[in-house]
Colleague: 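Below you will find the structure I want to go over with you.
Convention: sequence-line order gives letters A, B, ...; per-chain numbering from 1.
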Amino acid sequence: MAEAQRYLPGLPEEEDELDEIALDPRLLEEAERIAEALVFASAQPVSETYIASRLPRGIDVGPVMSRLKAIYASRGVNLVQVADHWAFRTAADLSFVVQTDEQEIRKLSRAALEVLAIIAYHQPVTRAEIEDIRGVQTSKGTLDVLMEAGWVRFRGRRRTPGRPVTFGTTRDFLDHFGLEEIRDLPGIEELKGAGLLSGRVPSNLHIPVPVGEDELSENEDPITQMDLEELGLLTPKAEEDD
Amino acid sequence: MAEAQRYLPGLPEEEDELDEIALDPRLLEEAERIAEALVFASAQPVSETYIASRLPRGIDVGPVMSRLKAIYASRGVNLVQVADHWAFRTAADLSFVVQTDEQEIRKLSRAALEVLAIIAYHQPVTRAEIEDIRGVQTSKGTLDVLMEAGWVRFRGRRRTPGRPVTFGTTRDFLDHFGLEEIRDLPGIEELKGAGLLSGRVPSNLHIPVPVGEDELSENEDPITQMDLEELGLLTPKAEEDD
Amino acid sequence: MDALWQDAPVDRGAHEEELVVDIAGFEGPLDLLLHLARSQRVDLSRISVLALAEQYIAFIERARSIRIELAADYLVMAAWLAYLKSRLLIPQQAKDEGPSGEEMASALAFRLKRLEAMRDAATRLVNRSRLGRDIFARGAPEHIVPEKKSGYDASLYDLLTAYALLRQRQAITQVTIEKRHVWSLADARLILARMVGTLDDWTALDHFLIRYMTSPKERATAIASSFAASLEMVREGRLEIRQEGAFAPIYLRRGPRPIDAAMLAEMEAARG
C-alpha cells in the first residue's frame, strides 16, 4: 500500500525513496497512465510485451504494472494478471453489485416493431386491423411480448359485431420512446423529411394522426374484468409470422 | 485534490475534517468502490440514479462521484459526466498511444456535419429552421444518417401552428464528442451572446428558401400543352429590365 | 415578345475562363453568397451587401451565358437580390411601409454570419477528441446496465423505420408516373407569396421572376403557372395587378388581404 501511495498523483513523492536509477517521476507517472489506458480500452487482456512497446523509452514495464496493481488493489476495480497478460476486473467482493440479476435486455423483433408501430399510429386498433395493415397474421407471441414489455395494453372493445378488443399504447411506451404525448409521433411529411419514407410515396398512403391514449373513442366500450378473464382463456391460434 | 485524497482508501482520515454528519468513513469508502465498480464495468454511461440505488443507505451519490472524478482526473482513465450519467473513458491526451488502425469512425458528409451542428446549437429545432439557416433543402438521408448514428432524435413538436416536429441531440452525441452537457458545446456562449442562436430573422425580412422538387402535389394535374397554348394568349409582354 | 426570351448574347472565350467555380460544389445559393462575401476579405458584419448582390447576379448571368444548368433556388435568390439591389439604389418613398433596402441587407448579412458560425461550429465539433477515435470506453465491459424497465430495447428510430418500411412495402404496388419538370400552381403561388408579400408599391415583378427563375426549359410552365396563380391571388384579394395596356408590363403589389407570415408558413408547410 505504501508503494502505491508513493506514486499517486498529487501526493508528494519522497525523493530519497526512489529506485536506484533516478527516473523522472513525471515519466513514470506517464508510463502508468499509458499502461492503465491500454489495459482499460482493450477487449482482451493485454500482453506485457505490448504494453512495454508503448511505454516511453527507458521505462521498465514490470515495476509499472506492479505499482498499478498495488494502486488498484484496494479499489472497486482491480488490475489482475492472467499469465503474462493484464486486465481490469471488478473486485471479487463487489461482484454482487455488478452481477446482472436483472433480466437480459432483448431487442424487439422486426415483427414486434411493426406491430408496435401500427398500434402506436392506428390506436385504437383491433388485431384484425393490424393484420390487415401488415398483410400477415400476427402471432399471439408478438402481442404478448409487447404486453410484457409494458408498451401495449388492452384499451377496450370496439362496438362492432364480435366486439373485438382494441389495443393502444401505454404511458411506459411514451416514456421509453421519449415522447411527451402520442401525437408527437412524426407524420408522413416528417418521415419523408427525415428520409425514412422515400419521396415517392403514393398519394393514397395515409398515416393517421394517433389519438390520445386515455379516453375511449365513441365506438369503444371499456374492458371489464370479465373480458379480461375471457381473453386469458381465448388463446388465438398462434402462427409465427416471421 | 485535497477533497479526493481525504477519502482515498488506505490514507488515514482526519476525523475532525469530516462532514457535519459523522458518516462512517468505511461506508463512504465502500460507496466509492461500488460506484467505481459499477461505472468501470460498463462501456455505456451509467445513470446517476442507478448508481444511487446501489449505494449503501444514507450515502449521497453526488459527493461520491465528485470525489471519484477528482481521484481519476490525473490518471490514464478519467471519470466523465455525460448529462446525468457517468462513464470511464481513456484520457484524451493518450489518444496517440491507445489508437489502433482498426478503429473505424463514421465519416459524416459536410452537409450532415453542418446539420448536426445546427441541431446541436439550436435545439430544439425544426427542419424548416435548419433549412432556413443553411439556405438549402435538407437532402433525404441526411437526418436519416444522423438518427441512425444515434446522435439526433425527434424531440417533440413545436407548439405553433402546424405543430412541426423538433430535433435535438442524444446522450450518445454528448458521449461521442466528449461533452458533459449541451452548454459545453464549443463557443455556444459567444454565439448566444452575438444573437446568432436565438435570433430569428424577422419574418417580414424573409429571404426565399428553395421550393424543392418539382413534384406535383396530390391534388394537381400536370399542365398540358393545350393549357399552355391557351394561357399563352395571356402571356404578359415583358421588357428587358436592364 | 421574343426579345425577352432571347438569351443574353453569348460571349464565349475570355469570360468562360474566368468562371472557374463549379456551381455543383456549392450547397445552395447561401453557400455561394458566403463564398463571394469571403472574397471581399472583410469581416462579415462589414460586407457591402450591394456589391455582394451585384457579384452574385453577375455570377448567375455568366453561368447562364455559358449555359450552365442552374437549380431553381439559385435563380430565386438572384431574383430576390435583384429586387434588393433596386431597393438599395432607389431612395425609399415616405409612404412606403415595407422593409427598407437596408433592413433587407442586414437580414441577409445576419444569415450569412449565422451560416458561417454554424460552419465553424461544425469544424470545431468534428475536431474534438471523439469517442472511438481519440477516447475509448472500457474494452471488456462486464455488465450491461439495466436502464430500461421493460427488458426489451428499441429506439424510436427503430420503430419509425419499421413503420415506414412496412407502409412503403404495401404501397409498392402503386403505379408511379414519371416526374415531369413543371411548376405546379402551388409552387408558383408560394413563390409569388414570398416575393410579393412585402411589396407596398407597384413592382413589375415578372421581370425578376422570368429573368432569374427560369431555365429555358421551364419558361412555358413558369409563366403559365405563375400567371394563373396570380389571377387566383387577385381574386382572393391577396394581390393587385395593374397593366397599362396590352403587352405592357404587369405590375403587382400587395392586395387588401395580403398573405401574412402565418399563412406563408402554412403554405410552406403544406408544400413540405
Colleague: Does any heavy atom of chain C fall under 4.5 Å from the side chain of B:Leu185, the backbone, both, or neither of them?
Modeller: side chain

Colleague: Quick one, C:Lys113 with B:Leu196, criterion side chain to side chain contact (heavy atoms under 4.5 Å, CB included). Give me CA distance, side-chain angles, the key distance, then yes/no.
Modeller: CA-CA 8 Å; C:Lys113 251 162 70 181; B:Leu196 288 168; 4.2 Å; yes

Colleague: Considering non-hydrogen atoms only, spot the tightest contact between C:Asp31 and B:Arg110 and give its length.
Modeller: OD2-NH2, 3.2 Å

Colleague: So how far is it from B:Ile133 CD1 to C:Arg114 CZ, rounded to the nearest 0.5 Å?
Modeller: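 Interatomic distance, B:Ile133 CD1 to C:Arg114 CZ, rounded to 0.5 Å: 4.5 Å.
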
Colleague: Using non-hydrogen atoms and a 4.5 Å limit, figure out which bit of B:Phe96 sits close to chain C: side chain, backbone, both or neither.
Modeller: neither

Colleague: If you take all heavy atoms of C:Gly28 and B:Val136, which pair is closest and at what distance?
Modeller: CA-CG1, 3.1 Å

Colleague: If you measure from OG1 on C:Thr161 to CD on B:Glu148, what distance do you get to the nearest 0.5 Å?
Modeller: 7.5 Å

Colleague: Does any backbone or side-chain atom of B:Pro186 lie under 4.5 Å from a heavy atom of chain C? Answer side chain, backbone, both or neither.
Modeller: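 Both backbone and side chain.
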
Colleague: Starting at CG of B:Asp93, measure out to CD1 of C:Ile135 and round the result to the nearest 0.5 Å.
Modeller: 9.5 Å

Colleague: Under the ring pair (Phe, Tyr, Trp, His ring centres under 6.0 Å) rule, what pairs show up with a residue in residues 124-158 of chain B, not counting sequence neighbours?
Modeller: B:Trp151-B:His176, B:Trp151-B:Phe177, B:Phe154-B:Phe167

Colleague: What residue, out of C:Ala121, C:Ala140, C:Ser155, has the most heavy-atom pairs lying under 4.5 Å from chain B?
Modeller: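 Looking at each of C:Ala121, C:Ala140, C:Ser155 in turn, C:Ala121 comes out on top.
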
Colleague: Would a 4.5 Å heavy-atom cut-off, applied to side chains only, mark B:Phe173 and C:Leu125 as touching?
Modeller: yes

Colleague: Quick one: does C:Arg128's side chain have a donor or acceptor within less than 3.5 Å of a partner on B:Gly178's backbone?
Modeller: yes

Colleague: Once rounded to the nearest 0.5 Å, what's the spacing between atom CZ of C:Arg119 and atom CD1 of B:Ile118?
Modeller: 8.5 Å

Colleague: Enter the distance from B:Asp132:CG to C:Leu115:CG here, rounded to the nearest 0.5 Å.
Modeller: 10.5 Å

Colleague: Going by heavy atoms in the side chains, are B:Arg89 and C:Leu131 under 4.5 Å from each other?
Modeller: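 They are in contact (side-chain heavy atoms under 4.5 Å apart), so the answer is yes.
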
Colleague: Just give me the residue among B:Ile188, B:Leu94, B:Asp175, B:Val77 that pairs up with chain C most often, heavy atom to heavy atom, under 4.5 Å.
Modeller: B:Asp175

Colleague: C:Leu33, C:Val126, C:Asp158: which one forms the most heavy-atom pairs within less than 4.5 Å of chain B?
Modeller: C:Val126

Colleague: So do the side chains of B:Phe88 and C:Arg138 get within less than 4.5 Å of each other, counting heavy atoms only?
Modeller: no

Colleague: Tell me, do C:Met118 and B:Arg134 make a side-chain contact under 4.5 Å, heavy atoms counted?
Modeller: no

Colleague: List the atom of C:Ser129, the atom of B:Ala92, and the distance in Å for their closest heavy-atom pair.
Modeller: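 Nearest pair, atom of C:Ser129 first, then B:Ala92: OG-CB, 3.6 Å.
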
Colleague: Below 4.5 Å from any heavy atom of chain C, which atoms of B:Ala43 appear? Answer side chain, backbone, both or neither.
Modeller: both

Colleague: Measure the spacing between CG of C:Leu160 and CG of B:Asp144 and express it to the nearest 0.5 Å.
Modeller: 11.0 Å

